[in-house]
Novice: 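After the structure tokens below, expect a handful of questions from me.
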2 protein chains.
Amino acid sequence: MAITSPRAALKRAELAGRLGCNLETIRYYERIELLPEPARTASGHRLYSNEDQVRLRFILRARSLGFSVEDVRSLLGINDGRPSCAEVRALAEAHRGDIRKRIADLKQMDRRLGEIMAGCTGAETPDCALTDKLFEDS
Amino acid sequence: MAITSPRAALKRAELAGRLGCNLETIRYYERIELLPEPARTASGHRLYSNEDQVRLRFILRARSLGFSVEDVRSLLGINDGRPSCAEVRALAEAHRGDIRKRIADLKQMDRRLGEIMAGCTGAETPDCALTDKLFEDS
DNA sequence: ACTTGTGTCTGTACCAACTACAGAGCGTAA
DNA sequence: TTACGCTCTGTAGTTGGTACAGACACAAGT
């Protein structure tokens with residue numbers, strides 16, 4: 001039971017292991033002040049509380065949804081105090097717009113790539129329709 | 001006529017202007033050896049030949065299709081000599097797989113974001129369903 | 001000839017968002 | 001006690017450029 005208790009103070013590697021992030025990411029988030037400085041043992045080893053864990057989980061989730069570190073800072077109220085629901089929504093909508101733009105850009109790349117690959121047969125010759133097309137005059 | 005001749009030696013800004021890239025990008029590509037060192041005037045100003053222009057256009061096009069700089073290096077035969085059509089095709093297929101994976105990832109983000117935004121009404125309150133969900137236990 | 005304005009040269013610093021590593025110190029089990 | 005493994009710190013590397021400072025170069029105007 002105690003093994004998985006969310007209340008025990010965790011060392012850095014334990015926290016990273018639980019939340020599935022890299023060890024160094026935690027120190028990085030501390031450095032850029034997304035995470036507060038944690039408690040320490042007498043000899044200086046970091047000890048993370050349950051509150052720390054909750055906050056880090058929030059950050060990791062927001063990052064996994066593609067929010068930038070600056071966005072996360074805003075969501076956490078680090079920039080201008082705790083954001084209103086309207087502000088959060090605006091941030092999320094803007095971010096969603098970004099995501100959709102990136103999808104559209106990638107789709108266009110895929111389409112263009114398909115066009116340019118037509119004729120590149122994969123024959124074992126040095127002449128290649130793909131590179132030829134990239135070299136062509138505008 | 002001479003103004004737009006593709007044979008005239010171009011200065012850096014002229015080349016950048018023609019191909020629509022940033023001035024500094026050209027020097028960057030020279031530094032990482034995608035572009036060869038160009039000719040110089042007596043006083044050291046770079047002069048780009050038509051051949052340089054063709055090569056840079058190739059690089060910019062490949063980059064705009066999402067190929068990495070290392071990919072471009074391979075396509076140009078800088079790594080292991082001029083690639084065969086089969087090698088080019090393999091590179092392009094792998095790259096296309098990458099693009100599609102990125103599209104899939106972004107679509108999933110968009111979907112998850114949509115789910116998590118449900119209930120975030122944008123009302124002018126500090127309580128927000130979106131942040132609440134990000135804070136929730138696993 | 002001189003000045004002024006613009007272009008170019010070099011080296012280096014900066015961006016995001018981590019990740020990795022070196023060298024030192026700490027903790028614990030045998 | 002000694003060995004192993006974890007943690008500490010600071011710093012450098014990653015990708016693909018972009019930006020800037022300070023020193024020259026070049027062309028046009030006076």
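No experiment lies behind these values; they were computed from the predicted model shown. Per chain, numbering begins at 1; letters A, B, ... match sequence-line order. Just so it is clear, the values below take in all heavy atoms, side chains as well, and ignore hydrogens, waters and symmetry mates.
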Novice: Does OP1 or OP2 of dG27(C) have a side-chain N or O of S43(A) closer than 4.0 Å?
Specialist: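 Answer is yes, contact under 4.0 Å.
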Novice: Look at R46(B) and dT10(C) and indicate whether a side-chain polar atom (N or O) is within less than 4.0 Å of OP1 or OP2.
Specialist: yes
Novice: E14(A) CD to dG5(D) P: how many Å, rounded?
Specialist: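 After rounding, the gap between these two atoms is 17 Å.
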Novice: Any Lys/Arg nitrogen of E93(B) or R96(B) sitting under 4.0 Å from an Asp/Glu carboxylate oxygen of the other?
Specialist: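 No, no charged N to carboxylate O under 4.0 Å.
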Novice: Quickly work out the L60(A) CG to dA17(C) C1' distance and round it to whole Å.
Specialist: 12 Å
Novice: Please give me every residue in residues 27-34 of chain A whose heavy atoms get under 4.0 Å of an atom in DNA chain C, ordered by residue number.
Specialist: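 Correct list: R27(A), Y28(A), Y29(A).
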Novice: Using 4.0 Å as the upper bound for N to carboxylate O, is an ion pair formed by R12(A) and E30(A)?
Specialist: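 Not counted as a salt bridge, because no side-chain N and carboxylate O are separated by less than 4.0 Å.
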Novice: At what distance, to the nearest 0.5 angstrom, does CG of L60(B) lie from CG of L134(A)?
Specialist: 11.0 Å
Novice: Return the value, rounded to whole Å, for the distance between atom CG of L35(A) and atom C1' of dA17(C).
Specialist: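 Nearest whole value for this atom pair: 14 Å.
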Novice: Taking only the side-chain heavy atoms of R40(A) (C-beta and beyond), determine which of dG17(D), dA25(D), dT9(D) contains the nearest atom.
Specialist: dT9(D)
Novice: Which distance, rounded to the nearest 0.5 Å, do you find between the CD1 of I103(B) and the NZ of K101(B)?
Specialist: 12.0 Å
Novice: With sequence neighbours left out, write down each residue that passes side-chain hydrogen bond (donor to acceptor under 3.5 Å, both in side chains) with R55(B), or none if nothing qualifies.
Specialist: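 side-chain hydrogen bond (donor to acceptor under 3.5 Å, both in side chains) check on R55(B) returns nothing, list empty.
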Novice: Output yes when R73(A) and E70(A) qualify as a salt bridge under the 4.0 Å nitrogen-oxygen rule, no when they do not.
Specialist: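 E70(A) and R73(A): salt-bridged.
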Novice: Quickly work out the Y48(B) OH to dC9(C) C1' distance and round it to whole Å.
Specialist: 11 Å
Novice: To the nearest 0.5 angstrom, please state how far the CD1 atom of I99(A) sits from the CG atom of D105(B).
Specialist: 11.0 Å
Novice: A side-chain contact here means heavy atoms from C-beta on lying under 4.5 Å apart; do K133(B) and E115(B) qualify?
Specialist: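 Not touching, per the 4.5 Å side-chain cut-off.
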Novice: With a 4.0 Å cut-off on heavy atoms, is S68(B) in touch with a base, just the backbone sugar-phosphate, or nothing at all?
Specialist: sugar-phosphate
Novice: Hey, what do you get for SG (C85(A)) to CG (D132(B)), rounding to the nearest 0.5 Å?
Specialist: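 Taking SG in C85(A) and CG in D132(B), the distance rounds to 9.0 Å.
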Novice: Could you list by number each residue of residues 19-26 of chain A showing a heavy-atom separation from DNA chain C of less than 4.0 Å, or answer none if no residue does?
Specialist: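 Only N22(A), E24(A), T25(A) qualify.
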Novice: Just the rounded figure in Å: distance from P of dG16(D) to CG of L65(B).
Specialist: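 The distance from CG of L65(B) to P of dG16(D) comes to 14 Å, rounded to the nearest Å.
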Novice: Between atom CZ in R12(B) and atom P in dT6(C), what is the gap in whole Å?
Specialist: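 Value for this atom pair: 18 Å.
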Novice: What is the distance, to the nearest angstrom, from the CG atom on L15(B) to the C1' atom on dT8(C)?
Specialist: 14 Å
